[in-house]
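The block underneath contains the structure these notes are about, expressed in structure tokens.
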Number of protein chains: 2
Amino acid sequence: MASTESLNNTEKDILEAAKKVFVEKGYSGARMQAIADEANINKAMLHYYFRSKDALFDRIVDGAVEIMAREFTPVLSSEGSVMEKVEMLIDGYTKTIIENPYIPIFVLNELSQNADKYQARLKSKMEKTQFFSGFLFQIAEEQQKGILKPVGVDQFIITVMSLLVFPFVARPVFENMLGLEKGQYFEMMENRKALIKEIIHSSLVEKKNI
Amino acid sequence: MASTESLNNTEKDILEAAKKVFVEKGYSGARMQAIADEANINKAMLHYYFRSKDALFDRIVDGAVEIMAREFTPVLSSEGSVMEKVEMLIDGYTKTIIENPYIPIFVLNELSQNADKYQARLKSKMEKTQFFSGFLFQIAEEQQKGILKPVGVDQFIITVMSLLVFPFVARPVFENMLGLEKGQYFEMMENRKALIKEIIHSSLVEKKNI
DNA sequence: CAAAGGTTTATCCAAATGGTTAATACAAAG
DNA sequence: CTTTGTATTAACCATTTGGATAAACCTTTG
């Protein structure tokens, strides 16, 4: 429910504008008036459609959660080796985040700040937690069997996510630091998919000695 | 100038409290009253010592910049191969951030949002930019000479920083996701130093074929 | 075309918030 | 002990901001 379908234009405009302003300014820094301006509508419309700033924000979070769930659930619940799943995640995540660059920033900035509030929602709405803990278990298993290097489950997860997620979270910093523009940067992220896979293979996967 | 010396107690208390509240709530979300409460002082004292919210925030940013500059400048301006420098940075950064965990969160959350405002300060205050661009050049050089794998300068930088920085930025998320506590997490980051070096060696450094 | 229901607007409001001020407490110096 | 400059407090203020409201405006439909 509540995807982008079945929304009238004003509603979509509001969501787009809100997304932008919330990401740029953060929840507290975002002004309802700024969102209204960005959407070219009267401020009262925000409340007409979404009742409150909080509700509007939550709606966007819900959207993000849904997008990520759609991305992760099928991969994590599929059959296949850890590395097969990881490679699928790298491709899928990169694609999804290039389409929705606001998501990782949201997760890090806002969800970290109100951990208590959103933690519940995350764990509940996605029974995916099953898949996730199952995935953790599978990693442990393959590390024990000698398929993966025995670096520990936590380090494995942290490493993969660092390589995959950080470039998107720190995009503003990197673009500035390396003198790139948004377009170039995303192109670079496309190329990066292959590099990440190589890095993981050469450092977290046990070399086959047949 | 303006290190922690030569500050009376109230002043130190304020800075500590402000650091905490700013990191937890972000600049806009932070309330002067909350900072005062955290420091157990009257709200007016904040203005007495630091004049305004903005000035107080800037003061903390300055502190962070100084700490990081002290960390990076000597390493980047030293003699030595890229990998020697990278290894020094890994050790130094990990130590510094465990002592000042607020810094990476600050950089990412706040500095990204007011890029324009702080970009200037960063580039000016540190002529370090020289050292940095010099470092970039050295990476290009070693990649060309076949010392480092030719993955490109940008990818090299992004990869190293991802592995090193992300675990600290995403600490709240990971602690929650993996069920760890602050102490355990930092311990893990200590161990991670070695792992990061291995990863970089096995994936970004050309294998010696003597 | 007129009633009805949904949409949009201008205006207003109460609460929150950064900041000010004037009075008070305190400590050091004479 | 008094003076003087600093530290601290309580009360107050102006502005901002999320939100409410009632009137005006469309659009649909009977």
Side-chain angles (χ1 to χ4, degrees), chain A residues 1-2 4-63 106 109-111 113-114 116-118, chain B residues 1-2 4-63 106 109-110 113-114 117-118:
Chain A
M1 64 169 184
T4 327
E5 320 151 20
S6 79
L7 295 187
N8 81 52
N9 276 340
T10 312
E11 218 164 335
K12 281 183 196 167
D13 289 349
I14 293 177
L15 282 175
E16 274 315 302
K19 218 178 279 180
K20 186 177 175 192
V21 176
F22 277 134
V23 168
E24 278 174 4
K25 310 283 184 174
Y27 176 82
S28 322
R31 301 290 160 235
M32 293 298 267
Q33 187 60 57
I35 296 175
D37 291 348
E38 177 73 33
N40 277 98
I41 50 138
N42 188 287
K43 181 166 76 85
M45 299 303 285
L46 300 180
H47 295 92
Y48 179 73
Y49 282 106
F50 297 95
R51 196 163 108 240
S52 70
K53 186 181 183 181
D54 226 60
L56 177 55
F57 185 77
D58 280 0
R59 175 59 176 281
I60 291 174
V61 171
D62 282 344
F106 244 60
N109 285 256
E110 306 302 324
L111 304 199
Q113 282 175 16
N114 310 315
D116 34 337
K117 181 177 176 188
Y118 295 103
Chain B
M1 63 167 186
T4 327
E5 319 151 21
S6 79
L7 294 187
N8 82 53
N9 276 340
T10 313
E11 219 165 336
K12 281 183 198 167
D13 289 349
I14 293 177
L15 282 175
E16 276 313 303
K19 219 178 278 180
K20 187 177 174 193
V21 176
F22 276 133
V23 168
E24 279 174 3
K25 310 283 184 173
Y27 176 81
S28 322
R31 301 288 160 237
M32 294 298 267
Q33 187 60 57
I35 296 175
D37 291 348
E38 178 72 31
N40 277 96
I41 51 139
N42 188 286
K43 180 165 76 86
M45 298 304 286
L46 300 179
H47 296 92
Y48 180 71
Y49 281 107
F50 297 94
R51 196 161 109 237
S52 70
K53 186 181 183 182
D54 227 60
L56 177 55
F57 185 77
D58 280 0
R59 176 59 176 282
I60 290 174
V61 171
D62 281 344
F106 244 60
N109 283 252
E110 307 301 325
Q113 281 176 16
N114 311 315
K117 182 177 175 188
Y118 294 103

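Every heavy atom of this structure was used, including side-chain atoms; hydrogens, water molecules and symmetry mates were not. Below, chains carry the letters A, B, ... as their sequence lines are ordered, and counting in each starts from 1.
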*Does a donor on one side chain sit under 3.5 Å from an acceptor on the other, for A:Q33 and A:D37?*
yes

*Any side-chain heavy-atom pair from A:D13 and A:N40 closer than 4.5 angstrom?*
no

*Specify the residues of residues 41-58 of chain B, ordered by number, for which at least one heavy atom lies under 4.0 angstrom from an atom of DNA chain C.*
B:K43, B:A44, B:H47, B:S52, B:K53

*What is the 5' to 3' range of DNA chain D, first to last nucleotide, that sits under 4.0 Å from any heavy atom of chain A?*
D:dT17 to D:dT21

*Positional range of nucleotides in DNA chain C within the contact set of chain B, heavy-atom, under 4.0 Å*: C:dT17 to C:dT21

_Set of residues satisfying salt bridge (charged side-chain N to carboxylate O under 4.0 Å, His left out) with respect to A:E24, sequence neighbours excluded_ = none

*Kindly write out the residues that satisfy side chain to side chain contact (heavy atoms under 4.5 Å, CB included) with A:V21, not counting sequence neighbours, or none if the list is empty.*
A:K25, A:A30, A:A34, A:I35, A:E38

*Under the side chain to side chain contact (heavy atoms under 4.5 Å, CB included) test, which residues partner B:E16, sequence neighbours left out?*
B:K19

_As an exercise, state the distance from CD1 of A:I14 to CZ of A:F50, rounded to the nearest 0.5 Å._
5.5 Å

*Do any pairs count as a ring-ring contact (aromatic ring centres under 6.0 Å, His included) and have a residue in residues 14-47 of chain B, sequence neighbours left out, and if so which ones?*
B:F22-B:Y27, B:F22-B:F57, B:Y27-B:F57

*What residues, two or more places apart in sequence or in another chain, satisfy salt bridge (charged side-chain N to carboxylate O under 4.0 Å, His left out) together with A:K53?*
none

*Under a 4.5 Å cut-off applied to non-hydrogen side-chain atoms, are A:Y48 and A:N42 in contact?*
no

*Using heavy atoms and a sub-4.0 Å distance, could you list which residues of residues 19-40 of chain A are near DNA chain C? By number, please.*
none

*Please name all residues satisfying side chain to side chain contact (heavy atoms under 4.5 Å, CB included) with A:N109, sequence neighbours left out, ordered by chain then number.*
A:I105, B:N109, B:Q113

_Checking A:S28 now: which residues fulfil side chain to side chain contact (heavy atoms under 4.5 Å, CB included) with it, not counting sequence neighbours?_
B:S28

*asked:* If the condition is salt bridge (charged side-chain N to carboxylate O under 4.0 Å, His left out), which residues does B:D58 pass it with, not counting sequence neighbours?
replied: B:K117, B:R121

